[in-house]
Amino acid sequence: MIDSALLGLPDFDPGTVWLVGAGPGDPGLLSVLALHALARADIVVYDALVDPRTLRLARPGAALDYAGKRGGRPSPSQPDISARLIRLARAGNRVLRLKGGDPCVFGRGGEEALALAAAGVPFRIVPGITAGIGGLAYAGIPVTHRDTNSVVTFVTGHDSDGTVPGGLDWDAIARGSPVLVLYMASRHLPNIVERLLDAGRRSNELVAVISKATTADQRVLVSTLGEIAAAVDIPAPAIIVIGEVVRFRAALDWVGGGEGGPDDG
């Protein structure tokens with residue numbers, strides 16, 4: 001049980017919305033503030049990627065309100081979700097908006113916070129562990145290492161209309177960052193790989209695809225940039241990392257489980 005007074009945790013007042021990151025999957029990665037919010041929320045508006053075990057931590061009597069958005073499936077629009085949060089808060093509820101990973105790392109938390117601010121609804125943002133860090137750690141891949149990289153770039157694999165982001169300078173991304181971490185990129189991976197290779201990335205550069213990171217169903221496929229587009233057959237959600245940090249998985253795979261690629265022999 002969390003001693004809120006001892007830790008000096010803030011009150012979760014009626015009529016407010018907390019935008020909370022639930023992490024990449026494993027409930028053990030929840031923050032103390034996330035648990036504090038779950039224990040007090042009247043309504044939990046949650047995303048598709050929130051682990052069911054996390055939802056079981058909500059206080060008895062709390063309403064669970066699904067607001068998941070998954071590519072290629074019927075989903076509520078972002079304006080509808082924001083309007084729902086405003087409406088629920090104005091009704092006097094403690095509203096917990098629970099999002100997978102971190103709410104402001106490709107999670108549209110910023111859009112929801114702006115809508116709440118415009119409506120005059122008090123809110124708090126509670127960061128979570130994003131999959132690009134937590135998912136890599138559970139695959140035995142450090143996102144940075146002094147021997148390989150002092151820079152890492154996080155890239156979304158699809159635009160708001162579901163296509164490969166057209167406004168990105170892929171040549172600059174390919175040249176400027178030794179490690180790339182791609183979110184939501186599985187569907188467009190062949191296209192992205194082609195752009196990176198055309199920009200000069202090596203075809204034998206190591207790549208890892210981590211599916212359902214930090215959960216019991218986690219799978220990791222290791223390949224090369226030249227072969228990954230043909231080899232990838234791992235269910236979404238998946239995080240993709242490109243760069244020499246992938247080689248550390250051979251020594252640091254503390255979870256176990258994986259297939260293919262140079263580090264699996």
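Basis for what follows: all heavy atoms, side chains included, without hydrogens, waters or symmetry-related copies.
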Contacts of R87 meeting salt bridge (Lys or Arg N to Asp or Glu O under 4.0 Å) (sequence neighbours excluded), chain-then-number -> none

Review point. How about L19 and L98: do any of their side-chain heavy atoms sit closer than 4.5 Å?
Key: no

Nearest heavy-atom contact between A62 and A41 is CB-O, 3.5 Å

task = Kindly determine whether Q78 and E112 satisfy side-chain contact (heavy atoms from CB on, under 4.5 Å), including the steps that lead there.
result = CA-CA 8 Å; Q78 189 58 53; E112 293 172 2; 2.9 Å; yes

In this structure, CG of L64 is separated from CZ of R56 (nearest 0.5 Å) by 11.5 Å

Correct closest heavy-atom pair for S186 and A238 would be OG-CB, 3.7 Å

Exercise. With distance as the sole test, does R249 use its side chain to make a donor-acceptor pair with the main-chain N or O of I141 at under 3.5 Å?
Worked result: no

- Query: Does the side chain of T148 reach to within under 4.5 Å of the side chain of P178, using non-hydrogen atoms?
  - Reply: no

Sorted by chain and number, sequence neighbours left out, side-chain hydrogen bond (donor to acceptor under 3.5 Å, both in side chains) with R59 holds for D42

Taken to the nearest 0.5 Å, the spacing of I81 CD1 from D65 CG works out to 9.5 Å

task: State, yes or no, whether a side-chain contact exists between V155 and V181 at a heavy-atom distance under 4.5 Å.
output: no

- Judged by atom type as modelled, is there a donor-acceptor pair below 3.5 Å linking the side chain of T214 to the main-chain atoms of D26? yes

Taking D102 for the side chain and C104 for the main chain, is one N or O donor matched with an acceptor at less than 3.5 Å?
-> yes

Between R201 and E194, does any NZ, NE, NH1 or NH2 come within less than 4.0 Å of an OD or OE carboxylate oxygen? no

For D51 and P27 the tightest heavy-atom approach is OD1-CG, 4.3 Å

Strictly distance-based, threshold 3.5 Å: is any side-chain N or O of N93 a donor or acceptor partner for the main-chain N or O of V95? no

key: Check against side-chain contact (heavy atoms from CB on, under 4.5 Å), N149 and V245   = CA-CA 8 Å; N149 64 304; V245 290; 3.1 Å; yes

Handout entry: Flag, side chain of D169 to backbone of A172, donor-acceptor distance under 3.5 Å
Key = yes

Is it the case that one hydrophobic cluster holds both L30 and L7, taking links as side-chain heavy atoms less than 4.5 Å apart, direct or via other members? yes

Sequence neighbours excluded, the answer for salt bridge (Lys or Arg N to Asp or Glu O under 4.0 Å) partners of R40 is none

Between V207 and the options L196, V193, I240, the side chain to side chain contact (heavy atoms under 4.5 Å, CB included) test singles out I240

Does any part of the side chain of L96, heavy atoms only, come nearer than 4.5 Å to the side chain of I43, both counted from C-beta? no

message = Between S77 and D80, do the side chains contain a donor N or O and an acceptor N or O under 3.5 Å apart?
response = yes

> Does a side-chain heavy-atom distance below 4.5 Å link V45 with L85?
Replying inline: yes

Any donor-acceptor N/O pair, S211 side chain to P235 backbone, under 3.5 Å:
yes

Margin query: Between L114 and L88, is there shared hydrophobic-cluster membership here, with clusters defined by ILVMFWY side-chain heavy atoms closer than 4.5 Å?
Written below: no

I want to check something: taking the side chain as every heavy atom from C-beta on, are K212 and R219 in contact at a cut-off of under 4.5 Å? no

Rounded to the nearest 0.5 Å, the CD1 atom of I239 sits from the CD1 atom of I210 at a distance of 7.0 Å

Can you hop from V32 to L55 via hydrophobic side chains spaced under 4.5 Å?
yes

- Query: Would a distance-only check, ignoring hydrogens and angles, find a side-chain to backbone donor-acceptor pair under 3.5 Å from D11 to D13?
  - Reply: no

For Y138, the ring pair (Phe, Tyr, Trp, His ring centres under 6.0 Å) test, sequence neighbours excluded, returns W254

So the ring-ring contact (aromatic ring centres under 6.0 Å, His included) pairs with at least one residue in residues 30-50 (sequence neighbours excluded) are W18-H36, Y46-Y66

So OG1 of T144 and CG of L136: to nearest 0.5 Å the spacing works out to 10.5 Å

Between L252 and P142 the two heavy atoms that sit nearest each other are CD1-CD, 4.0 Å

d(L38 CG, T54 OG1) to nearest 0.5 Å is 7.5 Å

- Query: Taking the side chain as C-beta and beyond, is there a heavy-atom pair between V220 and V209 under 4.5 Å?
  - Reply: no

- Query: Yes or no on side-chain contact (heavy atoms from CB on, under 4.5 Å) for T153 and V179, after CA distance, side-chain angles and deciding distance?
  - Reply: CA-CA 6 Å; T153 298; V179 173; over 6 Å; no

Minimal heavy-atom distance between P190 and A229, with the atoms involved, is CA-CB, 3.8 Å

Residue pairs meeting ring-ring contact (aromatic ring centres under 6.0 Å, His included), one or both in residues 91-127, sequence neighbours left out, come to F106-Y183

S177 side chain to L180 backbone, donor-acceptor under 3.5 Å: no

Practice prompt. Taking S82 for its side chain and P79 for its backbone only, find out whether a donor-acceptor pair lies under 3.5 Å.
Written response: no

In this structure, OG of S203 is separated from CD1 of I228 (nearest 0.5 Å) by 13.0 Å

Tightest non-hydrogen contact, residues A37 and V20, listed as CB-CG2, 4.4 Å

Are any side-chain N or O atoms of K99 and backbone N or O atoms of G107, one a donor and one an acceptor, separated by less than 3.5 Å?
yes

**Message:** Are T224 and E205 packed together at the side-chain level, in the sense that at least one heavy-atom pair is separated by less than 4.5 angstrom?
**Reply:** no

